[in-house]
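Some notes on the structure that comes next.
Small disclaimer: the values here were computed from a predicted structure and weren't measured. Indexing begins at 1, ligand by ligand and atom by atom, following the structure's order.
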Amino acid sequence: MRKKVIAANWKMYKTPDQTRDFFREFLPLVSGHDRDEIVVCPPYIDLAAALDSAKGANVAIGAQNVHWKEEGAFTGEISPGMLLTLGVPYVIIGHSERRQYFGETDDTVNLRLKTALEAGMTPICCVGEVLEEREAELTEDVLRRQCVRAFHSISAKKAAKLIIAYEPVWAIGTGKTATPQLASEAHLVIREQASEIFGKEFADNLRILYGGSVKPENSKSLMSEEEIDGALVGGASLDPKSFAAIVKY
Ligand code: 13P
């Protein structure tokens, strides 16, 4: 049995004060919940407040990106070592918004992933097709290509902590959710590709999350699928009650 991961991606929302307010309300709602791993990924400036608020609780903290160098003249970037020193073990890598708006490519995803894994972090690597690709029946090709390039020159041993998030771009922030069946089909493609690269045993243990308009109303049907090992939640994770309801589907 793969333990599910329910992760919040806050994107560019909330200040440190709002972060503390969130945890004050959220933690009692999920206290004692150990069926799933709960992760919250706020903006960098909120990490300290999140860590402080979640101290001793069953909620881990993650970042939304990480650079591939340990230090250097890279204005605006944050390294894996910096995050780990702070106490942040999880990191989202290759989110479609980074690919779409900030020049992230399969190659930079690979660099970030390699460095994060080598540093001992738990990366949540995002893949997913855009609407035109789905309509042109290119979803499988796109997912396979994104995985092959993201995992390039990474060994199964190094990749042990890897988590994948399947996030169809047409379902992000649109209110359109992939049906559980459609998400499962995509997860199977990803698992098959991971098996080709890392071996069957690795793929059997690999956790693949679904992201794209996950809400309290649809989390149960999605999470009931055998292929779906958790969720990466955007908008609905900003409200403590709604994120708690998703966690407790
Ligand atoms: P929404 O849940 O707002 O659709 O966002 C999904 C997402 O991008 C999570 O990383």
Location of contacts on Ala165 toward ligand 1, heavy atoms closer than 4.0 Å: neither

Nearest protein heavy atom with distance in Å, relative to atom 9 (C) of ligand 1: Glu167 OE2, 2.9 Å

Nitrogen or oxygen atoms of Gly234 and ligand 1 under 3.5 Å apart: yes

Residue part near ligand 1, for Asn9, under 4.0 Å between non-hydrogen atoms: side chain

Atoms of ligand 1, numbered as shown, that sit under 4.0 Å from any heavy atom of Lys11: 5 (O), 6 (C), 7 (C), 8 (O)

Basic-acidic side-chain contact under 4.0 Å: Arg144, Glu196: yes

Per-atom contacts, ligand 1 versus Ala171 - under 4.0 Å to a heavy atom: 4 (O)

Options Ala231, Cys41, Gly173, ranked by nearest heavy atom to atom 4 (O) of ligand 1, top entry: Gly173

Gly212 near ligand 1 by a heavy-atom separation under 4.0 Å: yes

Whether Trp10 and Phe22 hold their rings parallel, tilted or perpendicular, with breakpoints at 30° and 60°: perpendicular

Short side-chain to backbone donor-acceptor contact, Lys4 and Val247, under 3.5 Å: no

Short side-chain to backbone donor-acceptor contact, Asp141 and Glu133, under 3.5 Å: no

Expected output: side-chain Arg99 to main-chain Gly94 donor-acceptor under 3.5 Å: yes

Pairwise salt bridge (charged side-chain N to carboxylate O under 4.0 Å, His left out) hits with a residue in residues 234-249, at least two apart: Glu25-Lys241

Distance filter under 4.0 Å to Ser213 heavy atoms, resulting ligand 1 atoms: 1 (P), 2 (O), 4 (O)

Sub-4.0 Å atoms of ligand 1 with respect to non-hydrogen atoms of Gly235: 1 (P), 2 (O), 3 (O)

Parallel, tilted or perpendicular: rings of Phe243 and Phe26 (30°, 60°): parallel

Lys215 near ligand 1 by a heavy-atom separation under 4.0 Å: no

Test: Asp46 and Lys14 ion pair at under 4.0 Å: no

